[in-house]
Amino acid sequence: MTPANLADTVLSAARAVFETRGLDLAALPATTAVERPRNPEHGDYASTLALQLGKKVGVAPRELAAALAEELGSRDGIKAVEIAGPGFLNIRLDAAVTGTIARTVVEAGPAYGRNEQLAGERINLEFVSANPTGPIHLGHTRWAAVGDSLRRILAAAGAEVTSEYYINDAGAQVERFARSLYAAANGHPAPEDGYGGDYIGEIAQRILSDDPELAGQPAETALPVFWSRGYELMLTEIRESLQRFGVHFDVWFSEKTLHDGGAVEHAIEELRKQGHIFEEGGAIWLRTTDFTDDKDRVLIRSNGEKTYFAADAAYYINKRERGFDRCVYLLGADHHGYIGRLKAIAACAGDDPEKNIEILIGQLVNLVRAGQPVRLSKRAGNIITLDELLEAVGADAARYSLARSSTDSMLTLDIEEITKHSSDNPVFYVQYAHARICSILRNADDKGMSRGDTYDPALLSHERENNLLKTLGQFPAVVATAAELREPHRIAVYLEERVATDFHRFFDACQVVPKGEDPVTDVNVARRWLVEATRTVIANGLDLLGVSAPERM
RNA sequence: GCGCUCGUAGCUCAGCGGAUAGAGCACCGGACUUCUAAUCCGAUGGUCGCAGGUUCGAAUCCUGCCGGGCGCGCCA
């Protein structure tokens, strides 16, 4: 029995009690959950349903709990139900019930943990979207890791997800980039408003090696070439960096195509139809203050130029026209001022800003080494690049470290700590559990100890087997919660503090493969099921984080 | 000034209203002749920033204050 099954049982028992006593069935929630008490004396699972409902229906919580306990106690698989404190229900299960979780997990395999919570939802997930004017750096890296995990998690929850990278290839930034390349190619210092950093020189040299004549040519003819070649080389480099990081984008969306294809004009027409466009001082405005913005925004400046905001609006409308129900934006804390105006775009377009658009804000990341601020990057000038981070710590450690904590909290990564190949490093703690299991399974196979078709779940009765089984049973709920709250770190915390911990403790106390010449017992076989189930959960969980599950370490 | 966000062990961080607030690092003490010791077992370490409020119950929700980070353009 999984926790979800038990929760259903609790709810159905509550319904029975309500019917018997003539209580208001409308007070019952649609779903409930059971929790795992920290204190083992409080049973296998606990429910707070009586506490929550007591007041609603005017029955003392303890009295309601007593009735629920009696009803629940008669259900299959439940050994005992006790009432504690103000009305907690502490539930104990029959010995074999928890043991069946291993079969549930093994049979589901890679699908274990997937759920249908977000089935039917079409989600556009936009993240990173760094300007193609320099390498991906630390500021983007947290979202690369978290965004890609979120993509996997939302998909596991049944959503149809498209991950998207918005390329800001129109406007002044890329022009500055081109001018910087041109200056570097001619041995001049970067323009006042241009880009510094060694990569500018490197890219300029690559362009020159293809076309050495370019250096001497006037800006008029050379700049367009530096623009297009520089853009191409930079974007390729960005794609390759992200690929090395294991981050996948379904769509690379060019801002320029938005302008060239008339999407901005189209968007303004759509917004005009909704009645939120006005003219003032020769400029075209969107009255975002009709909704959640603190000031109105210019779409077309009085000199005829479209603003970046106009492209934002056009992009949002484009996404909706491509059929996405929900447009999710992952932005750094330095962009939190955009929430109001982005939501206002959706509202001005006639959408529901609470449903069709969602903006997630993540705090910034600091890097230190042994407690000291990390030296500045040579390559990017004043920031650390993703490539440098990858070189220093590797993709697995980098992704895990970044995905491990809530994006609400500012994160300080210590390079020294995450490069340690030892127990100091949480990612290895989880990966090691997986490698250990693979080793056990190899040994079992060598001994001809197969899993077979079945096992006796009652034999998995050791306290540490029980804890591990109950932990494995929580995985689908953890995935569902991570998807619902857009919080990938819950997967990492669960793997680390629950699964890997419970597995290592189990391993320490319970022999899986018989020692020496000992015969294979039914207990050994049952444990093999448990170990395979554990391997499945760790592999599935690490996959959601984009971290590898090694078979050997 | 206005707005967003964070404040939990020496450090880095968990804890979507539940029971005695957790983990890793650091520090101290134990456990390997047999499935991986990158592990396990134990000890130390807390006014959950402060003060009120909401309720059976608050680290969690509300208000105020203090402290850190960030943002407030016909810039991109």
Side-chain angles (χ1 to χ4, degrees), chain A residues 35 37-39 41-42 46 48 51-52 54-55 60-62 84-88 90 131 133 168 170-174 176 280-285 294-295 297-303 305 307-309 311 332-340 361-364 366 368 371 401 404-406 408-414 417-418 420-429 431-433 435-444 446-447 449 481 484-485 487 489-490 492-494 496-498 500-501 503-518 524 527 531 552-553:
Chain A
E35 41 187 82
R38 188 155 281 285
N39 185 340
E41 288 175 15
H42 294 152
T48 57
L51 285 168
Q52 292 160 22
K55 182 162 231 176
R62 274 196 74 103
F88 290 101
N90 293 333
N131 283 343
T133 54
N168 299 122
Q173 301 280 15
V174 274
R176 285 178 196 164
E280 191 178 292
I284 308 280
W285 297 69
D294 49 1
K295 59 190 71 169
R297 305 288 167 177
V298 172
L299 292 162
I300 301 184
R301 289 194 265 160
S302 48
N303 67 7
E305 279 181 46
T307 61
Y308 192 88
F309 178 74
D334 52 340
H335 286 78
H336 68 244
Y338 287 44
I339 296 175
I361 296 298
Q363 301 300 312
L364 307 176
N366 294 308
V368 299
S401 304
R404 187 175 174 245
S405 51
S406 161
D408 284 344
S409 61
M410 276 185 293
L411 185 57
T412 302
L413 288 186
D414 193 320
E417 190 166 318
I418 58 183
K420 278 187 190 167
H421 287 225
S422 68
S423 60
D424 304 359
N425 193 337
V427 68
F428 293 116
Y429 183 77
Q431 288 183 314
Y432 182 59
R436 241 182 173 179
I437 290 170
C438 291
S439 173
I440 293 170
L441 295 175
R442 283 191 298 269
N443 293 332
D446 288 348
K447 286 214 168 192
M449 184 186 120
T481 304
E484 180 197 342
L485 300 179
E487 292 185 348
H489 77 277
R490 288 173 185 275
V493 169
Y494 164 75
E496 186 177 322
E497 296 186 1
R498 291 293 185 169
T501 298
F503 168 73
H504 287 306
R505 289 163 59 98
F506 154 79
F507 178 88
D508 186 62
C510 302
Q511 188 74 21
V512 180
V513 180
K515 294 184 185 183
E517 298 303 312
D518 291 354
N524 296 126
R527 285 178 177 165
V531 158
R552 287 188 164 83
M553 283 175 75

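What you are looking at is a predicted structure, and each value in this text was computed from that prediction instead of being measured. Every chain is numbered from 1, with letters handed out A, B, ... down the list of sequences. Any value given below was found using the heavy atoms of this structure, including those in side chains, with hydrogens, waters and symmetry copies removed.
In this structure, the side chains of A/V513 and A/N524 stay at 4.5 Å or more apart for every pair of heavy atoms. At a threshold of 4.5 Å between non-hydrogen side-chain atoms, the residues A/R490 and A/L485 count as touching. For the pair A/L411/A/Q363, no side-chain contact is recorded, criterion being any heavy-atom separation below 4.5 Å from C-beta on. In this structure, A/L51 and A/F88 have side chains that are in contact, with non-hydrogen atoms separated by less than 4.5 Å. In this structure, A/E35 and A/T48 have side chains that are in contact, with non-hydrogen atoms separated by less than 4.5 Å.
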Please write out the pairs of protein N or O atoms and N or O atoms of nucleotides 66-68 of chain B separated by less than 3.5 Å, giving the distance to one decimal.
none

What are the atom names and distances for every N/O pair under 3.5 Å that joins the protein to nucleotides 58-61 of chain B?
none

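Computed from coordinates, the A/K447 NZ to B/C35 P distance equals 10 Å when rounded to whole Å. To the nearest angstrom, P of B/C4 lies 18 Å from CG of A/L364. The interatomic distance linking A/F507 (CZ) with B/U36 (C1') rounds to 6 Å, in whole Å. Atom CD in A/E496 sits roughly 18 Å away from atom P in B/A38 (whole-Å rounding). Between the CZ atom of A/R442 and the P atom of B/U34 there is a distance of 18 Å, rounded to whole Å. In this structure, A/L299 atom CG and B/A76 atom C1' are separated by 15 Å, rounded to whole Å. Atom CG of A/N366 and atom P of B/C13 are 9 Å apart (whole Å). Following rounding to the nearest Å, A/Y338 (OH) and B/G73 (C1') show an atom-to-atom distance of 10 Å.
The base of B/C74 is not paired with the side chain of A/T307 by any donor and acceptor separated by under 3.5 Å. One cannot find a donor-acceptor pair under 3.5 Å joining the base of B/G71 and the side-chain atoms of A/H335.
For A/Y308, taking side-chain heavy atoms from C-beta onward, the closest of the listed nucleotides B/G73, B/A76, B/C35 is B/A76. For A/T412, whose side chain is taken as the heavy atoms from C-beta onward, the closest listed nucleotide among B/A76, B/G71, B/C13 is B/C13. Nearest nucleotide to the side chain of A/N443, out of B/A37, B/C35, B/C40: B/C35. Which of B/C13, B/U55, B/U36 sits closest to the side chain of A/I440 comes down to B/U36.
Base contact: A/G281 has a heavy atom under 4.0 Å from a base atom. Within the 4.0 angstrom heavy-atom criterion, base atoms lie near A/C510. Across all strands shown, A/S439 has heavy atoms under 4.0 Å from base atoms, whether or not it also approaches the sugar-phosphate. Looking at heavy-atom distances under 4.0 Å, A/A333 makes contact with sugar-phosphate atoms alone, never a base.
Nearer the 5' end of RNA chain B, as judged by each residue's closest nucleotide, is the contact made by A/L411, out of A/A172 and A/L411. The residue among A/Q173 and A/I437 whose nearest nucleotide of RNA chain B lies closer to the 5′ end is A/I437.
Distance check on atom C1': B/C11 versus B/C16 gives 27 Å, rounded to whole Å. B/C25 and B/A14 are spaced 15 Å apart, taking the C1' atom of each and rounding to whole Å. Nucleotides B/A21 and B/C62 have their P atoms positioned 24 Å apart, rounded to a whole Å. Taking atom P in both B/C28 and B/G67, the straight-line distance is 38 Å, to the nearest Å. Nucleotides B/G1 and B/U20, compared at atom C1', are 46 Å apart to the nearest Å. Straight-line distance between the C1' atoms of B/A31 and B/A43: roughly 15 Å, to the nearest whole Å. Taking atom P on both B/G53 and B/G17, the two are 22 Å apart, rounded to the nearest angstrom. Comparing the same atom, C1', in B/U12 and in B/C66 gives a spacing of 24 Å after rounding to whole Å.
Its glycosidic angle being within 90° of 0, B/C32 falls on the syn side.
Rounded to the nearest 0.5 angstrom, A/L299 CG and A/T307 OG1 are separated by 5.5 Å. Here the straight-line distance linking atom NE2 of A/H336 with atom CD1 of A/I339 works out to 7.0 Å at 0.5 Å rounding. Taking OG1 from A/T501 and CD from A/E496, the interatomic distance works out to 7.5 Å, rounded to the nearest 0.5 Å. Summarising the geometry, atom CG belonging to A/L364 is positioned 10.5 Å from atom OG1 belonging to A/T412; distances are rounded to the nearest 0.5 Å.
With hydrogens and angles ignored, the 3.5 Å screen pairs a side-chain donor or acceptor of A/R527 with a backbone N or O of A/Q511. The backbone N or O of A/S439 sits nowhere less than 3.5 Å from a side-chain atom of A/R552 that would complete a donor-acceptor pair.
In this pair, A/H504 and A/Y429 present their aromatic rings tilted. The plane angle is within the 30 to 60° band.
Listed by chain and residue number, nothing satisfies the salt bridge (Lys or Arg N to Asp or Glu O under 4.0 Å) test with A/D408 (two or more places apart in sequence, or in another chain). Shown here are the side chain to side chain donor-acceptor pair (under 3.5 Å) partners of A/S406, two or more places apart in sequence or in another chain: there are none.
When the side-chain nitrogen and oxygen atoms of A/R301 are compared with OP1 and OP2 of B/A76, one or more of them lie within a distance under 4.0 Å. Residue A/K295 has no polar side-chain atom (N or O) positioned under 4.0 Å from OP1 or OP2 of B/C72.
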- In dot-bracket notation, what is the pairing pattern of RNA chain B, taking Watson-Crick (N1-N3 plus N6-O4 or O6-N4) and G-U wobble (N1-O2 and O6-N3) contacts under 3.5 Å, with [ ] crossing and | for other strands? (((((((..((((....[...))))..((((.......))))......(((((..]....))))))))))))....

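In terms of heavy atoms, A/L413 sits closest to A/S401 at CD2-CB, 3.8 Å. In this structure, A/A46 and A/N90 approach most closely via the heavy-atom pair CB-OD1, 3.6 Å.
Within the cation-pi definition used here (under 6.0 Å to the ring centroid, within 45° of the axis), A/R436 qualifies as a partner of A/F507.
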- With B for base contact, S for sugar-phosphate-only contact and - for none (protein heavy atoms under 4.0 Å), nucleotides 14-21 of chain B reads SSB-BBB-

